[in-house]
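Read the structure below first, then the notes.
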Amino acid sequence: MFPQFPDRPNYSALEREILDFWKESNIFKRSVESRPEEKAWIFNEGPPTVNGNPGIHHVFGRALKDIFCRYRTMRGYRVARKGGWDTHGLPVEIALEKQLGLKEKKEIETKVGVANFNRMAREFVYEHINKPGGWNELTEMMGYWVDLDDPYITCTNEYIESVWWSLSEFYKKGLIYRGFKIVPQCPHCETPLSSHELAQGYAEVRDPSLYVKLPLEPGQSVNGTPLPENTLFLVWTTTPWTLISNVALAVGMDIDYALVHDAETGEHFILADARRAALDPDGKWSVVTMFKGSDLARLHYVRLFDYVPVDRDAFYVTIGDFVSTEDGTGIVHIAPAFGQDDYEVARRYDLPVLQPVTPGGHFTDDVTDFAGRAVKTIRFEDRVEEGVDKDIVIALKKRGRVLKSTNDYLHSYPHCWRCDNPLIYYARDSWYIRTTQYAAEMIQQNRNINWQPPEIGVGRFGNWLEENKDWSLSRDRYWGTPLPIWVNQDDPSDTLAVGSIHGLMSGEYEREDGTIVPMETVADQVDLHKPFVDHVIFRRDGKVYRRTPELIDVWFDSGAMPFAQWHYPFENRERLEKLFPADFIGEGIDQTRGWFYTLHAIATPMFGQPAARNILVNGHVLDKEGRKMSKRLGNTVDPFEMMRKYGADAVRWYMVTNSPPWKSMLFNEEDILPTVIADFFRALTQSYNFFTLYANIDGFTYAEERIPVAERAELDRWILSVLNSTIAEYLKLMDEFDPTRAMRLVSEFTVEQLSNWYVRRNRRRFWKGELSADKVAAYQTLYECLAAVTKMMAPLAPFLSDRIFRSLNGVTGRDPSESVHLALIDEVETVAIDRDLERRMARGQRIVALALMLRQKSNLKVRQPLRRLLIPVLNDAEREDYRAMEEIIKDELNIKQIEYVSAEEGSDIVKMKAKANFKTLGPKYGKQMKSVAAAVVGMSAGQIIELQRSGSLTLTSGNDTFALLSEDIEVIHEDIEGWLVASEGTVTVALDTELDEDLLNEGIAREFVNRVQNLRKDSGLELTDRIRLGFASDPELTAALEAQRAYIMDETLAVEFGPQEKETMLDVTLNGKPCRIALERAAEIPAS
RNA sequence: GGGCUUGUAGCUCAGCUGGUUAGAGCGUCCGUCUGAUAAGCGGAAGGUCAGUGGUUCAAAUCCACUCAGGCCCA
């Protein structure tokens, strides 16, 4: 017996049962290991950061990854997938700081201690993985299959060792160097802010707007022409305090600059021509000559302030692509320590980096006049330190260097989210990876990646590579992979890198008290984190090397996962070439410059190829209004609650079929029930239940030989054709990483074609008669459709699909697999595809829809039989199409007879009109299109017939002649005399609405049968129960019913039927007339 | 401020290598069918295709700008 699917299923409970089954029968592991090793499809898991609880967007991302791993498994590939957890980094530190109530980063050292802090960080991440409501539970509950028993975890010694190895390789290639990094620094908290923190602190403020005059060194010329005496560059700044650290100016290469003369003062200025009007509104200046920015390069000017000594050439004009003429003067002042663009210029031109400012935002003693002054106003809890800008402006004014200055420049400026003070951009020591050295190769390798959607690859990611900047590698934090570089304490340029634990053990251990012991004595404590590694020193040739204190960017951890997850090269040395590159990875669009980039930036120099062949990028999950989900807005969705309410399958199905993965999806809980559960899931489970209902009665177990498709009924051949067309399209879409379209296809097939047409049209075949060959064919057809659907849907709805698959297969054993996830998706049975049949059925369905509309308009119920339906056709082929569907159309519409009328035979009753086909005519006639269209509308029936017959026709309209082909017009039928007509496109039907006595009697009989069936159902009779049936009514109705005696008895399984008077009769109304019915179960048990 | 991306019915989405009347599902209302179905079928209401301007015989579709959302960067 096939088990019934529950009428009102609790999906969440069903899923728990299936989870148990998977676990007991070890299905996941078997699904991997049952596939041949040489047919591997490599998936790499992007590790989520376990700094908090998982959200609904994780269900989305993980469902997408799961789909393709499961799909490939079902295509016969071996898809091993290791789970992974990203455990290091700032997000974890911040979450822990909050939990500990720490206010400042410093307190990690002063209050908690680094060793303690890192121990707690480790506990923190492991807890978030394992606790209820944590990552393991989410993964399991949503049915995401990754190996959770043996995941890679980035904070283990093995993982870090692999990362160290790769860093030492970078080091050996000379790709790691030390430089400055410009960070947003809070002078109050004396700490840099991460970009994440930065984003939440922008505010509108008023700042100074200062135009400074910088005199050129005398005696210089441009393009051979000497510049006049007393020529000055005009420079604009909103941060006067940075002028003290100025070392250069920057102009735009292609920007036009003007040399102007101010007759009043005798000065000459150089500024961008586009800014002249803004700075000289009265037009007092006269233009002497024009330059391009490139002409100005290397012109030297006189330094403004000379507090800080410089050791090389400086104070000249450079070229910068960041210079604009939106505001300012088109000439930008460069202070390398205080701006990213400035710093880049300094690196390119080898300019000195002046840093006369402390991390607390005060001038150093070098700046004698302003020593100790705050560069920007800082508000402390108990006092306010006024910024120095105003005094610098005064000093410049005294020296006559100011063209104009105001204090009301309004712009958006970053502030510290903790203390609200304005940040300063500030140069700090930092380690870099010289990615620019191999950027061209990264661009080249990017062409070998198949991005889905493609525009991310060429656009967002491609642009990012084009504008590549060196990767700032180091971080001044505590919980992360330590940078394995040791520095000679007497010569900072002398460094060494450690690439393994073995290498580390060749050092010595320096205890807190300064005593040095061999590493062997601490061998059992080796932990590749702070503070342990900071105690390791190396003594070589009398020199002492100590570790540079920084950690590495946590993104390097995850970018190293393709090899670090395997502890390569310390283990799996020979296997890696089989495991790299990955066939598939997928993450959110925010990872473009995150994980996707770091994978690429590491794989390119290490392996000379991209880390993945296919990358699926998914958009974000927003709330139903399209806003992003955040704790602050309170619009987050709890994934566990959703899965408990609707089941994981429904949530997964909803999220993936709702919109394509790469678009942002709007999550609306209310849509899950109507669009998934009441739609696809219902159609599937009810079709299944329909099947089991009759299969169990008939004892069908698919024991018979498979009946060849060609020998099955038309409807069977039709649904199997549609099924195979669907499978073909499905495979194509899945191979193209478009799960949304693929799964919508599965849903549409199940709901529209299988449930609402095939099963509905076929009910009689299942409930009538013995288990004939035709009935077996029907069972086999429906079974095959259901089985195929469970396989196609399995990647996205792994629970429900397995449940139904096992219910079916448990009885028939047609598939050797114990679970759908061990099975292979059916190959397309090409011979079953019959495009003509599909087209004919689609036409038939259209006819039915049109005729039903006519019935509705003329208020004729379908139960009332009608005599005739008329279908105008253009040719014999079309007539044959409809004729093949005749039985179905007649039955569906309750119509006795269908007649066809072709244009030629019936031109007196069928009126034809032609409509221009703009798509074919437009390109041919262009501007004449309007007159062509008018001429086509004016075509006579004779002309239309002529065109249809001969395939071409020349039409004259006024002086123009148009050569038409039959494809250039569309023929429409309208108005058939004396008939009720409806058209849609080129399909037209006409209905004969005249009724005679026979038809009316039949209609009454159908009404009667309907009432009896309802009564049978209400009185709880079994489907197969026979009844004794009686009725009482007026003579007219009685005669009508008697006339239809055989039909009524057959339909209602009545063994007796006739007029009867009884006390307990039920009142019904037939076509407005009263009738009473008596019904009771017949004693004998019928043979099924 | 820059780059990328999205904006189509009350809601979620198709359509967007230009082609005349812009579709589907859900929701609402009306009708109808049914011995598988919380269903099905038919109909109605509901759209200045975000806005403005342009290219074209023809624009939801191509171009420019503006507005709004999202992502990344500043």
Side-chain angles (χ1 to χ4, degrees), chain A residues 7-8 184 195 198-199 202 322 324 326-327 340-341 411-412 414 425 453 455-456 458-464 467 588-594 617 619-620 622 624-628 654 657-660 662-668 670-671 673-675 677-679 682-683 685-694 740-741 744 747-748 751-752 755-757 759-760 763 766-767 848-857 859-863 892 894 915-923 925-933 1009-1010 1012-1014 1016-1017 1021-1024 1051-1053:
Chain A
D7 269 350
R8 294 182 182 256
S195 60
L198 193 63
Y202 277 84
F322 51 88
S324 83
E326 298 278 303
D327 43 25
Q340 187 63 42
D341 287 335
H411 65 153
S412 154
Y425 286 95
E455 58 266 26
I456 300 276
V458 291
R460 186 183 282 237
F461 193 70
N463 293 347
W464 173 241
E467 296 161 17
I589 188 168
D590 52 308
Q591 296 298 333
T592 311
R593 292 171 189 193
V617 182
H620 282 232
L622 309 175
K624 59 181 173 184
E625 328 266 272
R627 291 170 313 189
K628 71 185 207 173
Y654 165 66
T657 55
N658 184 46
S659 64
W662 43 89
K663 278 182 144 185
S664 355
M665 81 138 327
L666 275 50
F667 190 95
N668 187 1
E670 287 161 24
D671 285 342
L673 203 62
T675 65
I677 295 180
D679 192 60
R682 176 205 54 81
T685 56
Q686 293 304 329
S687 298
Y688 166 79
N689 271 351
F690 174 85
F691 170 80
T692 61
L693 186 63
Y694 294 103
T740 305
R741 279 201 162 88
R744 280 178 182 170
S747 169
E748 201 199 301
V751 179
E752 302 298 334
S755 174
N756 291 346
W757 192 254
V759 174
R760 193 163 61 85
R763 279 173 295 188
F766 291 94
W767 83 58
V848 168
L850 286 170
L852 285 172
M853 183 174 86
L854 291 176
R855 274 185 168 275
Q856 142 102 2
K857 275 188 183 153
N859 209 9
L860 287 161
K861 293 180 171 186
V862 178
R863 272 197 289 261
E892 188 75 11
N894 197 14
K915 223 172 85 174
N917 179 351
F918 280 70
K919 200 158 188 174
T920 58
L921 288 170
Y925 290 104
K927 291 195 181 188
Q928 290 177 290
M929 203 45 232
K930 272 176 189 155
S931 42
V932 178
V1009 167
N1010 165 257
V1012 173
Q1013 303 290 34
N1014 288 342
R1016 281 185 64 119
K1017 203 175 187 180
L1021 292 176
E1022 292 296 318
L1023 276 179
T1024 47
E1051 287 295 309
T1052 60
L1053 299 185

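Chain naming here is simple, since letters A, B, ... match the order of the sequence lines and numbering starts at 1 in each.
- Between G18(B) and U56(B), the distance separating the two C1' atoms is 9 Å to the nearest Å.
- Asn689(A) comes within contact range of no nucleotide atom at all, as no heavy-atom separation falls under 4.0 Å.
- Residues Gly588(A) and Val617(A) share a closest heavy-atom pair of C-CG1, 4.1 Å.
- When heavy atoms are screened at a 4.0 angstrom cut-off, Ala916(A) is found touching base atoms of the nucleic acid.
- Only the P atoms considered, C49(B) is 16 Å distant from C62(B), to the nearest whole Å.
- Comparing Gln591(A) and Ser659(A), the nucleotide of RNA chain B nearest to each residue sits closer to the 5' end for Ser659(A).
- Across all strands shown, Thr920(A) has no heavy atoms under 4.0 Å from either base or sugar-phosphate atoms.
- When the P atom is compared between C11(B) and G47(B), the two are found 12 Å apart, to the nearest whole Å.
- Contacts of Arg744(A) with the nucleic acid, taken as non-hydrogen atoms under 4.0 Å apart, involve only primed sugar atoms and P, OP1 or OP2.
- Of the inter-residue distances, the one linking Arg682(A) atom CZ with Ile677(A) atom CD1 reads 12.5 Å to the nearest 0.5 angstrom.
- Residues Thr740(A) and Ser659(A) approach most closely at OG1-O, 3.3 Å, considering heavy atoms.
- Atom CD of Glu467(A) and atom P of A74(B) are 12 Å apart (whole Å).
- Minimum atom distance to the side chain of Lys919(A) is reached by G19(B), of the listed U37(B), A14(B), G19(B).
- For the residue pair Ser687(A) and Val759(A), the shortest heavy atom distance occurs at OG-CG2, 4.4 Å.
- If you take atom C1' in A22(B) and the same atom in G46(B), they sit 14 Å apart, rounded to whole Å.
- Nucleotide G2(B) holds its C1' atom 13 Å from the CH2 atom of Trp464(A), rounded to whole Å.
- The side-chain heavy atoms of Ser755(A) and Phe690(A), taken from C-beta on, include no pair separated by under 4.5 Å.
- Residue Leu666(A) contributes atom CG, which lies 10 Å from atom P of U8(B) at whole-angstrom precision.
- Between the side chain of Asn756(A) and the backbone N or O of Val751(A), at least one donor-acceptor pair lies under 3.5 Å.
- Once rounded to the nearest 0.5 Å, the distance linking NE2 of His620(A) with CD1 of Ile589(A) reads 6.5 Å.
- Taking a pair as Watson-Crick or G-U wobble with both distances under 3.5 Å, RNA chain B forms stems of 3 or more consecutive pairs at B:1-7 with B:67-73, B:10-13 with B:23-26, B:28-32 with B:40-44, B:50-54 with B:62-66.
- At most 12 heavy atoms of other shown residues, nucleotides or ligands fall within 6.0 angstrom of atom CZ in Arg741(A).
- No donor-acceptor pair closer than 3.5 Å links the side chain of Tyr694(A) to the backbone N or O of Arg763(A).
- One can place CG of Asn756(A) at 9 Å from C1' of U37(B), the figure rounded to the nearest angstrom.
- Distance from the side chain of Asn668(A) is smallest for C11(B) among the nucleotides C11(B), U37(B), C4(B).
- As rounded to whole Å, 8 Å separates atom P of U5(B) from atom CD1 of Ile456(A).
- The interatomic distance linking Gln340(A) (CD) with G1(B) (C1') rounds to 16 Å, in whole Å.
- Summarising the geometry of Ser664(A) relative to Leu622(A), their closest heavy-atom pair is CB-CD1, 3.8 Å, with the distance given to 0.1 Å.
- In this structure, OG1 in Thr592(A) is found 11.0 Å from CG in Asn463(A), a value given to the nearest 0.5 Å.
- Among U5(B), A36(B), C13(B), the nucleotide with an atom closest to any side-chain atom of Glu455(A) is U5(B).
- Counting any heavy atom pair closer than 4.0 Å across all strands shown, Thr592(A) reaches no nucleic acid atom.
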**Q.** Evaluation steps, ring-ring contact (aromatic ring centres under 6.0 Å, His included), between Phe667(A) and Tyr654(A)
**A.** CA-CA 9 Å; Phe667(A) 190 95; Tyr654(A) 165 66; 5.4 Å; yes
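- For the pair Arg744(A) and Thr657(A), the tightest heavy-atom approach, listed with the atom from each and the gap, is NE-O, 2.9 Å.
- Phe691(A) comes within 4.0 angstrom of no nucleic acid atom, judged by non-hydrogen atoms across all strands.
- With distances taken from any side-chain atom of Phe690(A) to the nucleotides A36(B), G3(B), G7(B), the minimum falls on A36(B).
- A distance of about 24 Å separates the C1' atoms of G54(B) and G15(B), rounded to the whole Å.
- Separation of the P atoms belonging to G19(B) and A60(B) is 9 Å when rounded to the nearest angstrom.
- The side chain of Ile589(A) lies closest to C71(B) when the candidates are C71(B), G70(B), C13(B).
- Between Thr657(A) and Asn917(A), it is Thr657(A) whose nearest contact on RNA chain B lies nearer the 5' terminus.
- Rounded to whole Å, the distance from CG on Leu673(A) to P on U37(B) is 18 Å.
- Counting any heavy atom pair closer than 4.0 Å across all strands shown, Val759(A) reaches a base atom.
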Contact list (N/O, under 3.5 angstrom) for nucleotides 22-30 of chain B vs protein:
none

Under 3.5 Å, which protein N or O atoms sit close to an N or O of nucleotides 54-61 of chain B? Give each pair with its distance.
unit_1, atom_1, unit_2, atom_2, d
C57(B), OP1, Lys927(A), NZ, 3.3
C57(B), N1, Gly926(A), O, 3.4

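- Here the separation of A45(B) from G10(B), taken at their C1' atoms, is 12 Å to the nearest Å.
- Taking the P atom of each, A24(B) and G40(B) are spaced 15 Å apart, rounded to whole Å.
- In this structure, CG of Asp341(A) is placed 11 Å from C1' of G2(B), rounded to the nearest angstrom.
- Not one side-chain nitrogen or oxygen of Arg682(A) sits closer than 4.0 Å to the OP1 or OP2 atom of U37(B).
- Annotation: side chain of Asp679(A) is not in contact with side chain of Pro674(A) (no heavy-atom distance under 4.5 Å).
- Remark: Arg741(A) is in phosphate contact with G15(B), judged by side-chain N or O atoms under 4.0 Å from OP1 or OP2.
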